[in-house]
Amino acid sequence: MIVTKFGGTSMASAEQFKKVKSIIDANNERQIVVVSAAGKKSSDDIKITDLLYTLHTHLQYGVPYTDIWNMIAGRYLEIQRDLGLSSNISADLDIIKSKLKKDIDQNYLISRGEYLSAKLMSAYLGFDFVDSKDIIRFTYSGTVDFERSEQNAKKFFSSHGKIVVPGFYGSYPNGEICLFSRGGSDITGAYLARFLNAKIYENWTDVPGTLTADPRIVENPKTISQITYTELRELSYMGANVLHEDSIFPLQEKNISINIRNTNEPSCPGTIIKRDCNDERYVITGIAGKKDFVSFDILKDHMSTEIGFTRRVLEIFEDYKINVEHLPTGIDSVSVIVSGSSVSGCMYDIVSKIENELGAKVNVKKELALIAIVGRNMAGKSGICARIFASLSAVGINIKMIAQPPDETNIIVGVDNSNYKKAIQALYKDFEDANWI
């Protein structure tokens, strides 16, 4: 049995629905279908989920909302009409419309995009509709109740067989809707694949798979054929957002592979994500990065002999609920690297506290970009750091920091924001010329 999840672009129009049906019909093992809310039909269109958030805001502040509601309802009625479906989506729309009041539960309203997509898709495929609020159960603390959710998944699958389930949400013990974080339909699909011990979890989107670099920076980057869970986590954390990173954990524990596929190019094999990969053709699996980090460079004589100094530094960041990204150290110095947005309102309070309480000198460096070079085949291979330094030096880029974990699966370098794109382009070109990527 295969669990398939289709993203917003796959739900955007009747034409996209037809592509989904062709994919499902091509393999009888595709028995569980998870769908997102309708996405953009074109670049100047608006996602249904964004419209629902805007609708909620209008309701909260008493702003006229009829035009927004008509846009939402119109999209689903158009899909139903163009597919020639006899299902009555109007009844579902009427129920939602009757609840459009100032005190409407936001989670309920936002979840209706996925709900309506699933209703239409189930009618089109001839599969049974099962509401995800009846499968995915949350505790009141917002964590998934694994035991009860697994029992529900097995019960509904055994009684219905082929089903369509809306993604993105579940329910609290009292039945109220609870949302995953944005993009959470990926997570719904992952949990169902785990609970039902699926053969594979297919995630259908609008790209051919996980790319070796951001196509907005590097022209025509390659598609990665195989990647490990660990590598994907590293790339996702640094901005390569093809798949919601929280969807990896449920499958990693059960060693269920993920296949990223393109709804618009179903013949393309996409990217396989699994625990272990045997493809050793390339040293580098991918490059990703993010901008706007801040480095707190802390200096104090004989710091290395002062027991507990680093712990006390980290406690100060913890007091401000700041997540520390990296911690490069020297004999008498330590740098604490954090995202710029996390310290935008307390940067100089932190500096003052470190200097006054720990007797250290602090220099703050802003507008730092971090670039991750990721690859399971980098471990034990000599010359990688040398090539990175040479590549960046050749285009006049100074490296501000460098870090590497013990497993040698990635190397992170810091450069000025202004050199971010230039650095990735230089690294990619050099690795490609060496047949390393």
Side-chain angles (χ1 to χ4, degrees), residues 5-23 34-61 63-85 89-90 92-93 96-97 100 106 109-121 124 166-168 179 181-186 203-211 213-221 223 239-244 260-266 268 290-292 420-421:
K5 179 265 174 179
F6 292 89
T9 54
S10 304
M11 298 289 105
S13 66
E15 191 61 35
Q16 293 300 94
F17 268 59
K18 292 174 184 177
K19 293 176 184 178
V20 170
K21 190 175 190 304
S22 294
I23 290 167
V34 178
V35 297
S36 296
K40 293 183 178 183
K41 293 190 293 183
S42 60
S43 59
D44 58 351
D45 200 8
I46 304 173
K47 295 178 181 179
I48 288 294
T49 301
D50 290 334
L51 288 173
L52 288 166
Y53 273 111
T54 302
L55 175 60
H56 183 262
T57 301
H58 281 221
L59 290 167
Q60 290 296 102
Y61 291 97
V63 178
Y65 62 84
T66 302
D67 288 347
I68 296 173
W69 170 250
N70 288 340
M71 290 174 66
I72 295 166
R75 284 286 297 280
Y76 288 106
L77 290 168
E78 179 185 34
I79 292 171
Q80 177 183 255
R81 183 187 66 246
D82 291 350
L83 293 175
L85 294 175
I89 199 74
S90 297
D92 290 301
L93 289 167
I96 299 168
K97 187 177 181 181
L100 296 181
Q106 183 183 41
L109 181 60
I110 303 307
S111 71
R112 295 307 86 183
E114 280 74 14
Y115 176 88
L116 293 167
S117 288
K119 277 299 194 77
L120 285 175
M121 185 58 73
Y124 187 51
F168 190 32
L179 301 180
S181 58
R182 191 71 185 264
S185 293
D186 289 349
N203 193 293
W204 294 82
T205 180
D206 57 355
V207 295
T210 302
L211 302 176
D214 188 336
R216 296 168 296 183
I217 298 175
V218 173
E219 188 175 355
N220 298 320
T223 300
N241 296 320
V242 174
L243 185 73
H244 197 299
I260 308 293
R261 304 284 293 272
N262 188 348
T263 304
N264 301 314
E265 298 179 40
C268 177
K290 288 195 288 192
K291 298 167 67 175
D292 298 320
Y420 175 68
K421 288 186 177 181

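Being a predicted model, the structure only gives us computed values, none of them experimental. Computed from heavy atoms alone, side chains included, the values below leave out hydrogens, waters and symmetry copies.
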| said: Checking Thr49 against Ile110 for the side chain to side chain contact (heavy atoms under 4.5 Å, CB included) test, could you report, in this order, the C-alpha distance in whole Å, the side-chain angles of both residues, the deciding distance, and whether it holds? | reply: CA-CA 6 Å; Thr49 301; Ile110 303 307; 4.1 Å; yes

| query | Testing Leu109, Ile68, Thr57, Ile96 for side chain to side chain contact (heavy atoms under 4.5 Å, CB included) with Leu52, which one passes? | reply | Leu109

| task | Step through the shown structure and confirm whether more than 12 heavy atoms of other residues, nucleotides or ligands are within 6.0 Å of NZ on Lys19. | result | yes

| Can you name the nearest heavy-atom pair linking Met121 to Val35, along with the distance? | CG-CG1, 4.2 Å

| message | In the structure I gave you, are the side-chain heavy atoms of Gln106 and Tyr53 within less than 4.5 Å of one another anywhere? | response | yes

| Are Leu93 and Trp69 side-chain neighbours, meaning at least one heavy-atom pair lies under 4.5 Å? | yes

| field | Leu55 CG to Gln60 CD distance, which is reported to the nearest 0.5 Å | value | 10.5 Å

| message | What verdict does the side chain to side chain contact (heavy atoms under 4.5 Å, CB included) test give for Val207 and Asn262, after you've listed the backbone C-alpha separation in whole Å, the side-chain angles of each residue and the deciding distance to 0.1 Å? | response | CA-CA 5 Å; Val207 295; Asn262 188 348; 5.6 Å; no

| request: Check whether any side-chain heavy atom of Val20 lies under 4.5 Å from a side-chain heavy atom of Tyr124, and answer yes or no. | output: no

| task | Output the distance between atom OG1 (Thr263) and atom CZ (Phe17), rounded to the nearest 0.5 Å. | result | 11.5 Å

| query | Quick one: salt bridge (Lys or Arg N to Asp or Glu O under 4.0 Å) pairs with a partner in residues 109-121, sequence neighbours left out? | reply | Asp92-Lys119

| Contact summary for Ser181 and Phe168, nearest pair of heavy atoms | O-CE1, 3.4 Å

| request: Could you check if a side-chain atom of Leu77 sits within less than 4.5 angstrom of a side-chain atom of Ser90, using non-hydrogen atoms only? | output: yes

| query | Say you draw a straight line from CG of Leu116 to CD of Gln80; how long is it, rounded to the nearest 0.5 Å? | reply | 10.5 Å

| field | CD-CD1 distance between Glu15 and Ile79, expressed to the nearest 0.5 angstrom | value | 12.0 Å

| said: Looking at every heavy atom in both Gly209 and Ile260, which two are closest together, and how far apart are they? | reply: CA-CG2, 3.7 Å

| Should we say atom NZ of Lys47 is surrounded by more than 12 heavy atoms from elsewhere, each under 6.0 Å from it? | no

| said: Treating Tyr76 as the side-chain partner and Ala38 as the backbone partner, does any N or O pair qualify as donor plus acceptor under 3.5 Å? | reply: yes

| message | Is the shortest side-chain heavy-atom distance between Ser36 and Lys5 below 4.5 Å? | response | yes

| request: Give a yes or no on whether the backbone of Lys41 and the side-chain of Asp45 come within a donor-acceptor separation of less than 3.5 Å. | output: yes

| request: Would you give the length of the straight line joining atom CG of Asn203 to atom OG1 of Thr210, rounded to the nearest 0.5 angstrom? | output: 9.5 Å

| message | For the OG1 atom of Thr66 and the NZ atom of Lys97, what is their distance to the nearest 0.5 Å? | response | 7.0 Å

| said: I'd like to check Met71 versus Ile48 (side-chain heavy atoms, cut-off strictly below 4.5 Å). Are they in contact? | reply: no

| field | Closest non-hydrogen atom pair, Pro266 against Ile23 | value | CB-CG1, 4.0 Å

| request: Kindly say whether Gly39 contributes a backbone atom to a donor-acceptor pair with the side chain of Thr9 at under 3.5 angstrom? | output: no

